[in-house]
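Below you'll find the structure, written out as structure tokens, and then a few comments.
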Amino acid sequence: MSASVLFDAPGPKARRRHLLLSVLAGLVLLGLVVIALQRLGERGELEADRWTAMFTASAWEYTFLPGIWSTLKAAGVAIVLALAFGLVFGMGRVSHHRVIRWASGAVVEFFRGIPVLIMMIAFFYFLAYRGIFEPATNPFVAVVAALTLYNGAVIAELVRSGVGSLPGGQAEAGLSIGLTPAQTMRTIQLPQAITMMLPSLISQLVVVLKDSALGAIITYPELLRSARNLAAGGNTLQPLVMAAVIFIVINFALSLLAGLVERRLAKRGSATD
Amino acid sequence: MRELFEQFDVWAAFWMTIKLSLWSALWALVLGTLLAIMRVGPVRILNVVGSAYVNVVRNTPLTLVVLFSLTVLGTRLGIQIADQNSPTFLTDEAVRWAIFGLSVYHAAFVCEALRSGVNTVPVGQAEAARSIGLGFGQSLRHIVLPQAFRGAVAPLASVAIALIKNTTVATIIGVAQTSYFMAEAIEFRPDLIWELFALIALFFLAITLPIGVGLTSLSRKVAVKR
């Protein structure tokens, strides 16, 4: 806390006060933990066999691993499609044609403004009644479609702000050597914009992974829904905690990766410097 | 469109969405402010607890948080937060746990929004305040916090919009709000699916777009020129 805007470097008196506060806060936290553990113990949630059931080979083979795979599959397909969607509409938003700009803006605002779950439910029932795909693939298609449209719209905004934040000289230089506006966009502005938005793109993957859990509502057997299958006999706490830990580990790793990429890019420098 | 309103209680679903949004926004703001104070404060142990909370909650799906609230905290651990003698006990319980889950989840984002507001204030501002002889409280009240709140308007606006859309997740514990109503209505009238979708999309756009536009222009208006 050396260069904090809020606090001056503490003197001896302030340091004593902070120590006192630390001890008090520690005691309160300890108390809360003890109360929580007591409650869990009273309700029998800490019994060993409730937890060992989560670490058997069959629990992982039939529940967690297929669940993780379904989650990753939906998120992976969705982020790739969303990237394509985002590039098309992001370029549309910075187009030189007013109609294209306006239409892309409307599409992006529409999909950003409505909840992902509403789109998922609409796709799910639409596919169920139309029967385009096999019934078993409907939930997957609905999850991917909804995630693609929402996150595609978010990525389109990233593309737009990425292109917008480039110095004007980049586009001018492209135009002055005889490239058309479209060529300038494709060969000069977009590559730089995409490099700059790489960290935000990885963070968006965290959002996609989390939102794929909405698939549980429309019967897609992703991690959360699979974990609930283990909830037999009132065992509801342990599978949910396991699912949460798995989600947190994956997403935390992705967040770290995003931070790493961001620092790499900052060190490398860019045209904006 | 007319048929929908005649056959279903559309307004009840919309009203529940609005109620969930308002209550969760209130609690998320309270809890998030508390977390932000913990995170930017001088006490190390509170910094650690605050950032652990934010990192855990931010990386957990909201669906899981809401489901956990009712099925584990409510049912398994037997924590009751609604009046047991009320005839609508079970519904109340689900609604309140949904508000609890939504608040706990979005508090992490409120905390980060407030913190990013504090981060927009350059250290030189505080140094200038101290150098003209302002004390800790004075510099906070007159120099740092006014600028921090102005910088936090834009990120808080996106949290508010996300929160409103996220209330649809309450379906997982059967709270009868817009997304629950949608699924139910489609089961009855599959022929009206696109009318329903259009109506609900319109409802959400009618709420989120004005909030987005209004708060963005507010954030520009109050922005500190640097």
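Lettering follows sequence order; numbering is per chain, from 1.
In this structure, the portion of B:F136 lying under 4.5 Å from any heavy atom of chain A is its side chain and not its backbone. If you measure heavy-atom distances from A:L29 to chain B, the contacts under 4.5 Å come from the side chain alone. Heavy-atom distances place both the backbone and the side chain of A:F110 under 4.5 Å from chain B. A:F111 does not touch chain B: none of its heavy atoms, backbone or side chain, sits under 4.5 Å away. Contact annotation for B:L46: only side-chain heavy atoms (C-beta onward) come within less than 4.5 Å of a heavy atom of chain A. At a 4.5 Å heavy-atom cutoff, the contact between B:I79 and chain A is made by backbone and side-chain atoms alike. Looking at B:V56, the atoms closer than 4.5 Å to chain A (heavy atoms on both sides) sit in the backbone and in the side chain alike. Heavy atoms closer than 4.5 Å to chain A are found in the side chain of B:L140, but not in its backbone. Neither the backbone nor the side chain of B:V65 comes within less than 4.5 Å of any heavy atom in chain A.
Residues B:F197 and A:I114 are in side-chain contact: their nearest non-hydrogen atoms beyond the backbone lie under 4.5 Å apart. In this structure the side chain of B:T208 never reaches within 4.5 angstrom of the side chain of A:R112, judged on heavy atoms. Residues B:N166 and A:P115 fail the side-chain proximity criterion, which asks for heavy atoms closer than 4.5 Å. Between B:M182 and A:Y125 there is no side-chain heavy-atom pair separated by less than 4.5 Å. Side chains of A:E109 and B:L209 form a contact here, defined as non-hydrogen atoms less than 4.5 Å apart.
The environment of B:W194 atom CH2 is dense: over 12 non-hydrogen atoms of other residues, nucleotides or ligands sit within 6.0 angstrom. The local environment of CZ in A:F64 is crowded, with over 12 non-hydrogen atoms from other residues, nucleotides or ligands closer than 6.0 Å.
If you take CZ on A:R228 and CG on B:L67, they are separated by 4.5 Å, rounding to the nearest 0.5 Å. Separating the NE2 atom in A:H18 from the CZ atom in B:R44 is a distance of 13.5 Å, to the nearest 0.5 Å. Between the CZ atom in B:R76 and the CZ atom in A:R39 there is a gap of 11.5 Å [rounded to 0.5 Å]. Taken to the nearest 0.5 Å, the CD1 atom of A:I121 stands 7.5 Å off from the OG1 atom of B:T168. Interatomic distance, CZ of A:F252 versus OG1 of B:T60, reported as 11.5 Å (0.5 Å rounding). Here the CG atom belonging to B:D191 is positioned 9.5 Å from the OH atom belonging to A:Y129, to the nearest 0.5 angstrom.
Between chain B and the options A:T236, A:V245, A:I118, the largest number of non-hydrogen pairs under 4.5 Å is found for A:I118. The candidate from A:N251, A:L214, A:L254 with the greatest count of non-hydrogen atom pairs under 4.5 Å with chain B is A:N251. Per-residue counts of heavy-atom pairs under 4.5 Å with chain A were compared for B:E127, B:Q125, B:R58; the largest is that of B:R58. Heavy-atom pairs under 4.5 Å with chain B were tallied for A:A213, A:S255, A:A128, A:G26; the largest tally goes to A:A213.
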- Steps toward side chain to side chain contact (heavy atoms under 4.5 Å, CB included) verdict (A:E45, B:L77): CA-CA 9 Å; A:E45 298 291 355; B:L77 298 183; 3.9 Å; yes

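In plain terms, the two heavy atoms of A:A25 and B:I45 that are nearest each other are CB-CG2, 4.0 Å. Heavy-atom minimum distance, A:G113 versus B:L205: CA-CD2, 3.7 Å. The minimum heavy-atom distance between B:T63 and A:I217, with the atom names listed, is CG2-CD1, 4.4 Å.
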